[in-house]
Amino acid sequence: MSSFACLSSIWTTLSVAKRQSHSTLVRLPPAFEETRKMTGTISRILLAASGLMLTVAVASAEPAIEVLGRDFTFPNKIDGLPGKLSEFKGLKINHFTTNDGVRLAYWEAGEGRPLIFVPGWSANGAEFVNLMFLLSRTYHVYVLDPRNQGLSENVEHGTRIARFGADLKGFIDHLGVGKVDLCGWSMGASVIWSYIDLFGTDAIRKAAFIDEPISIYTHADWSERQRLEAGGMTTSIERMVAAFNGAPTNDQTVDMNAMHRYMESSSLAFQNSEAFSREFIKSDPKFMNLVLFDHASNDWRDVISHKIDVPTAIFTGENSNNVASQRWMQSVIPGSELHVYSKAEQGDHFLAFKNPTKFTNDLSSFLDR
């Protein structure tokens with residue numbers, strides 16, 4: 001039992017004894033009188049202890065290099081980006097517990113206005129190391145590892161996008177920083193859409209979304225225009241889940257362009273962040289896969305067209321098959337802006353990681369207006 005729990009137990013016992021003494025109107029023996037007099041002191045100790053516990057909870061972030069256990073040298077030297085993990089001195093890793101008891105990790109760096117990144121499926125904060133390094137000069141940047149991903153706890157419950165949206169709500173509440181800027185990449189955009197659907201936009205200052213289909217599942221009664229505007233990429237969710245785990249498929253059943261673009265890794269910055277993630281993050285596919293079916297079955301067109309009422313930036317690229325859906329999104333979100341990266345600018349599903357300097361400049365320009 002912790003010291004705080006012991007003090008709480010003592011306080012409960014003494015409070016019961018005190019109530020009993022008043023109800024029976026019997027004078028307590030001297031020993032009990034002395035104990036009664038201690039209750040004020042005990043109360044003050046409890047208050048002090050609770051304050052200490054709160055302070056520890058808030059200040060428990062540890063340097064990433066200590067949490068990960070050692071330094072790391074990135075394979076490519078790139079001007080303006082870290083050559084070693086130890087050069088990113090402000091990078092820290094912290095944790096909080098959701099209201100259904102799951103311990104989630106988050107990465108943070110910098111000071112200033114809060115900017116929260118929500119990673120895509122199977123992704124984690126380590127992959128955002130270059131983005132965090134660049135943006136932490138201006139913002140207090142956070143990357144939340146979703147449940148069953150990155151350094152967060154593996155569990156078999158809550159594996160739905162709606163629950164991930166509730167986790168994001170819990171994280172924002174945990175930070176207690178007021179309004180935040182949110183940026184969701186891939187499935188992370190869906191998590192933000194779920195958050196908005198459930199909790200509204202009162203806590204959001206601005207939002208950014210990176211190349212996420214609005215409905216992964218293609219409904220059989222859709223026209224081709226509807227499919228393109230929704231970003232539909234599979235006619236069978238089961239086959240998509242299997243394909244994402246290595247099973248054979250074809251482009252008519254599952255659009256595998258994002259997977260193909262992942263394998264195209266000419267970007268030195270992308271090589272660095274992927275190497276860093278592979279070195280330290282050992283996610284379990286068994287747990288990561290649990291959310292995939294639910295993720296692919298959601299259609300967010302109603303949320304996007306009716307509930308997003310904050311300044312919004314949308315990012316996609318010429319090497320992505322999502323351009324039409326991102327254009328549709330821009331057309332229905334009032335005042336939103338669309339960035340379409342060219343092929344030469346690494347414009348595909350991984351554009352933020354393959355071209356971190358351009359992306360962080362574009363995102364900062366949007367956030368600072």
Side-chain angles (χ1 to χ4, degrees), residues 95-108 113-125 128 139-150 152-153 155 157-216 231 290-292 294-315 325-326 329 332-334 336 352 363 366-367:
H95 296 81
F96 86 105
T97 302
T98 66
N99 61 7
D100 66 339
V102 181
R103 192 168 187 258
L104 300 186
Y106 61 95
W107 307 63
E108 63 176 302
R113 195 165 60 233
L115 167 61
I116 299 173
F117 282 95
V118 185
W121 176 73
S122 79
N124 57 80
F128 287 74
Y139 310 99
H140 194 150
V141 187
Y142 302 89
V143 182
L144 176 64
D145 280 357
R147 61 178 65 200
N148 297 337
Q149 295 180 202
S152 288
E153 183 179 1
V155 293
H157 63 280
T159 56
R160 294 175 298 281
I161 296 299
R163 178 64 243 188
F164 283 35
D167 290 346
L168 178 58
K169 169 69 161 59
F171 180 52
I172 294 172
D173 291 346
H174 163 77
L175 294 178
V177 292
K179 282 184 176 289
V180 300
D181 295 326
L182 295 178
C183 183
W185 168 58
S186 195
M187 189 185 80
S190 295
V191 173
I192 296 175
W193 297 336
S194 178
Y195 169 89
I196 292 172
D197 190 29
L198 294 169
F199 307 107
T201 58
D202 287 348
I204 303 174
R205 196 186 71 94
K206 292 188 176 183
F209 307 119
I210 308 172
D211 203 54
E212 171 62 3
I214 297 157
S215 174
I216 290 174
L290 295 176
V291 75
L292 260 183
D294 180 79
H295 168 42
S297 67
N298 283 289
D299 181 346
W300 299 105
R301 288 177 296 173
D302 63 321
V303 175
I304 289 169
S305 58
H306 294 290
K307 292 192 173 184
I308 300 180
D309 56 4
V310 296
T312 300
I314 304 158
F315 294 85
S325 66
Q326 309 305 285
M329 192 190 323
V332 299
I333 301 177
S336 61
L363 180 63
F366 162 70
L367 295 176

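All values below were derived from every heavy atom in this structure, side-chain atoms included, with hydrogens, water molecules and symmetry-related copies excluded.
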Donor-acceptor pairs are to be reported for all side-chain atoms of residues 182-193 against protein atoms at under 3.5 Å, with residues two or more places apart or in another chain.
unit_1: Trp185; atom_1: NE1; unit_2: His349; atom_2: O; d: 2.8
unit_1: Ser186; atom_1: OG; unit_2: His349; atom_2: NE2; d: 2.9
unit_1: Ser190; atom_1: OG; unit_2: Glu212; atom_2: OE2; d: 3.1

Partners of [X] by side chain to side chain contact (heavy atoms under 4.5 Å, CB included), sequence neighbours excluded?
X: Ser194; value: Ile161, Ala162, Leu198, Trp300
X: Val177; value: Pro114, Tyr142, Leu175, Val180
X: Pro146; value: Pro119, Gln149, Phe164
X: Asn124; value: Ala126, Glu127, Asp145, Ser277, Ile281

With side chain to side chain contact (heavy atoms under 4.5 Å, CB included) as the criterion, how do Thr159 and Asp294 come out once you've worked through the C-alpha distance, each side chain's angles and the decisive distance to 0.1 Å? CA-CA 8 Å; Thr159 56; Asp294 180 79; over 6 Å; no

Inspect the contact between Lys206 and Asp181 and indicate whether a charged nitrogen and a carboxylate oxygen are less than 4.0 angstrom apart. no

Is [Y] close to [X] at the side-chain level, that is, under 4.5 Å between some pair of heavy atoms?
X: Asn148; Y: Val291; value: no
X: Val102; Y: Ser152; value: no
X: Asp211; Y: Phe315; value: no

Please report the interatomic distance [atom1]([X]) to [atom2]([Y]), rounded to the nearest 0.5 Å.
X: Leu363; Y: Ile210; atom1: CG; atom2: CD1; value: 7.5 Å
X: Gln326; Y: Ser336; atom1: CD; atom2: OG; value: 10.5 Å
X: His295; Y: Trp121; atom1: NE2; atom2: CH2; value: 9.0 Å
X: Ile314; Y: Ile333; atom1: CD1; atom2: CD1; value: 4.5 Å

Closest approach of [X] to [Y] (non-hydrogen atoms, all atoms of both residues):
X: Ala203; Y: Tyr195; value: CB-OH, 3.5 Å
X: Arg113; Y: Leu367; value: NH2-O, 3.2 Å
X: Ile308; Y: Pro334; value: O-CD, 4.2 Å
X: Gly231; Y: Pro213; value: O-CB, 3.4 Å

[X]: what forms a salt bridge (charged side-chain N to carboxylate O under 4.0 Å, His left out) with it, not counting sequence neighbours?
X: Asp197; result: Lys307
X: Lys179; result: none
X: Asp299; result: Arg301
X: Arg103; result: none

For residues 165-172, run the donor-acceptor check on the side chains, cut-off 3.5 Å, and write out each pair with its distance to 0.1 Å, sequence neighbours left out.
unit_1: Asp167; atom_1: OD1; unit_2: Arg147; atom_2: NH2; d: 2.9
unit_1: Asp167; atom_1: OD1; unit_2: Arg163; atom_2: NE; d: 3.0
unit_1: Asp167; atom_1: OD1; unit_2: Arg163; atom_2: NH2; d: 2.9
unit_1: Asp167; atom_1: OD2; unit_2: Arg147; atom_2: NE; d: 2.8
unit_1: Asp167; atom_1: OD2; unit_2: Arg147; atom_2: NH2; d: 3.2
unit_1: Lys169; atom_1: NZ; unit_2: Asp173; atom_2: OD2; d: 2.7

Taking only residues two or more places apart in sequence, or in another chain, which ones meet Ser122 in a side chain to side chain donor-acceptor pair (under 3.5 Å)? none

Under the side chain to side chain donor-acceptor pair (under 3.5 Å) test, residues paired with Ser305 that sit two or more places apart: none

